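Residue numbering restarts at 1 for every chain, and letters A, B, ... go by the order of the sequence lines. Because the structure is a prediction, the values reported are computed rather than measured.
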There are 2 protein chains.
Amino acid sequence: MIGTMPRAATTSDAFNAIAEPRRRDILDYLAPRERPVGDIVLAVGLAQPSVSKHLRVLRDVGLVEVRRDGRHVFYRTNAEGIRPLHEWTSRFERYWRHQLARVKERAERN
Amino acid sequence: MIGTMPRAATTSDAFNAIAEPRRRDILDYLAPRERPVGDIVLAVGLAQPSVSKHLRVLRDVGLVEVRRDGRHVFYRTNAEGIRPLHEWTSRFERYWRHQLARVKERAERN
DNA sequence: CAATCATATGCCTATACAGGAATGTGTCAA
DNA sequence: TTGACACATTCCTGTATAGGCATATGATTG
């Protein structure tokens with residue numbers, strides 16, 4: 001049998017990958033520029049193995065890219081991978097703008 | 001003991017809630033206007049209990065709101081809940097714009 | 001009140017983590 | 001080659017699903 005359909009793998013797509021807060025922390029930290037794993041460990045305050053595992057997930061879904069330089073491994077964000085997420089959320093942008101407009105409108109009537 | 005720290009609950013925040021594709025389907029379907037559960041069931045092609053459970057999650061994180069009218073329960077999106085997601089992804093927007101610019105640049109040199 | 005429609009909730013199971021601890025792997029210096 | 005440094009991977013465990021199925025709940029009508 002195929003069995004049931006549990007929660008999807010974190011590596012199934014960017015949406016699942018960024019559901020984890022620490023992975024967003026990592027991406028935030030990497031946003032300005034590439035960093036070696038050791039720096040990421042210090043920045044996010046997690047154990048090194050945990051960080052490596054998170055980086056593995058981010059790498060599998062294409063949210064980060066890797067470059068090796070001697071003993072150091074540098075990670076950098078691949079913003080292109082975040083784009084689908086941004087585009088999906090953009091679909092609803094107009095709605096909160098409308099809401100904001102309504103709120104303002106009400107405020108101005110007082 | 002507190003135990004280990006497994007994957008966060010889907011109801012912990014919007015990021016976790018929308019990690020599930022069917023929930024995004026539901027939000028997409030609700031985007032234009034409110035709908036009763038029965039219509040959502042037909043639209044997403046899931047069993048009614050599954051849909052109700054997804055709606056429950058979306059409701060718990062504030063991504064949808066409910067209105068009851070007789071036997072029918074109408075759900076509508078609360079775009080405000082998607083906003084944090086949009087804003088988080090916006091942080092990286094400039095990067096893919098830069099990438100796009102670089103790609104264009106290369107193309108124009110040929 | 002009974003029957004029915006529209007939803008919601010409970011139970012069960014296979015699956016997928018996330019972190020901790022220990023260990024493996026690759027690279028460089030002496 | 002040996003030791004140290006920088007990361008990656010494996011194993012283990014408690015927790016959190018997502019869907020199927022059965023059932024409970026709320027509202028409407030006869």
Side-chain angles (χ1 to χ4, degrees), chain A residues 1-27 29-30 34-61 64-76, chain B residues 1-27 29-30 34-61 64-76:
Chain A
M1 274 149 264
I2 304 179
T4 58
M5 163 86 141
R7 198 168 178 180
T10 54
T11 52
S12 57
D13 56 47
F15 286 92
N16 278 281
I18 67 150
E20 172 62 31
R22 323 315 289 267
R23 285 198 280 268
R24 292 200 298 279
D25 289 344
I26 291 175
L27 289 173
Y29 180 65
L30 292 179
E34 66 169 16
R35 303 276 197 174
V37 178
D39 286 11
I40 304 175
V41 169
L42 292 178
V44 302
L46 275 180
Q48 174 267 312
S50 289
V51 170
S52 280
K53 280 182 260 186
H54 282 311
L55 288 169
R56 177 68 170 162
V57 172
L58 292 172
R59 188 166 180 265
D60 285 345
V61 299
V64 299
E65 293 177 331
V66 199
R67 177 176 72 84
R68 173 149 223 161
D69 182 37
R71 283 183 281 195
H72 297 259
V73 179
F74 290 84
Y75 283 85
R76 62 179 174 285
Chain B
M1 273 149 265
I2 304 178
T4 56
M5 162 84 143
R7 197 167 177 182
T10 54
T11 52
S12 58
D13 57 46
F15 286 92
N16 278 282
I18 67 150
E20 172 61 30
R22 324 315 290 268
R23 285 197 281 266
R24 291 200 300 279
D25 289 346
I26 291 175
L27 289 173
Y29 180 64
L30 293 179
E34 67 168 15
R35 303 275 196 173
V37 178
D39 286 10
I40 305 175
V41 169
L42 292 178
V44 303
L46 274 179
Q48 175 268 312
S50 289
V51 171
S52 280
K53 280 182 251 186
H54 283 311
L55 288 169
R56 177 67 170 163
V57 171
L58 292 172
R59 189 166 178 264
D60 285 345
V61 299
V64 299
E65 293 177 332
V66 200
R67 177 177 73 84
R68 175 150 221 160
D69 182 39
R71 283 184 281 197
H72 296 257
V73 179
F74 290 85
Y75 282 86
R76 62 179 175 285

Give the rounded distance in Å between these two atoms: [atom1] of [X] and [atom2] of [N].
X	N	atom1	atom2	value
A:R35	D:dC7	CZ	P	13 Å
A:R7	C:dT13	CZ	C1'	17 Å
A:E20	C:dG19	CD	C1'	10 Å
B:D60	D:dT17	CG	P	10 Å
A:L58	D:dA8	CG	C1'	15 Å
B:D39	C:dC5	CG	C1'	14 Å
B:M5	C:dA21	CE	P	15 Å
B:N16	D:dT15	CG	P	18 Å

Can you list the residues that meet the side-chain hydrogen bond (donor to acceptor under 3.5 Å, both in side chains) rule with [X], with sequence neighbours excluded?
X	result
A:R67	A:E34
B:R7	A:N16
B:S50	none

Which protein N or O atoms sit under 3.5 Å from an N or O of nucleotides 28-30 of chain D?
residue	atom	partner	partner atom	Å
D:dT28	O4'	B:R71	NE	3.4

Item to complete: Taking all non-hydrogen atoms of both residues into account, name the closest pair between B:F15 and A:A19 and its distance.
Response: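 B:F15 and A:A19 have their closest heavy atoms at O-CB, 3.9 Å.
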Practice prompt. Measure across B:V61 and B:T10 and return the closest heavy-atom pair with its distance rounded to 0.1 Å.
Written response: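 Smallest interatomic distance, heavy atoms only, reads CG1-O, 3.9 Å.
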Worksheet item: Donor-acceptor pair under 3.5 Å: do we get one between B:Q48's side chain and the base of C:dA8?
Response: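 Result: at least one qualifying N/O pair found.
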Practice prompt. Name the residue closer to the 5' end of DNA chain C, choosing between A:A8 and A:H54 according to the nucleotide with the nearest heavy atom.
Written response: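 In this pair, the answer is A:A8.
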Worksheet item: Nearest nucleotide by nearest heavy atom, which residue falls closer to the 5' end of DNA chain C, B:R56 or A:A47?
Response: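 Per heavy-atom nearest nucleotide, the more 5' residue is B:R56.
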Worksheet item: Which is true for B:P49 with a 4.0 Å heavy-atom rule: it touches a base, it touches only sugar-phosphate, or it touches nothing?
Response: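 Counting heavy atoms under 4.0 Å across all strands, the contact made by B:P49 includes a base.
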Practice prompt. Name the nucleic acid region contacted by A:R23, choosing base, sugar-phosphate or nothing; use a 4.0 angstrom heavy-atom cut-off, strictly under.
Written response: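 Sugar-phosphate, backbone atoms only, no base.
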Worksheet item: Donor-acceptor pair, A:R23 side chain versus A:A17 backbone, under 3.5 Å?
Response: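 Answer holds: yes.
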Worksheet item: Within less than 4.0 Å of OP1 or OP2 of D:dA6, is there a side-chain N or O belonging to A:Y75?
Response: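 So the side chain of A:Y75 is outside the cut-off, no N or O lying under 4.0 Å from OP1 or OP2 of D:dA6.
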Worksheet item: Does A:H72 put a side-chain nitrogen or oxygen below 4.0 Å from OP1 or OP2 of D:dC7?
Response: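 The answer is yes; a side-chain N or O of A:H72 sits under 4.0 Å from OP1 or OP2.
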Does [X] have any salt bridge (Lys or Arg N to Asp or Glu O under 4.0 Å) partners at least two apart in sequence or in another chain, and if so, which?
X	value
B:R68	none
B:D25	B:R22
A:R24	none
A:R76	A:E65

Worksheet, complete the sentence: Parsed dot-bracket for DNA chain D after applying the Watson-Crick and G-U rules with both distances under 3.5 Å and | for other-strand partners is ||||||||||||||||||||||||||||||
Closest to the [X] side chain, choosing from [options]:
X	options	result
B:S52	C:dA22, C:dG19, C:dA8	C:dA8
A:R68	C:dG19, C:dG26, D:dG19	C:dG26
A:K53	C:dG10, C:dG20, D:dA18	C:dG20

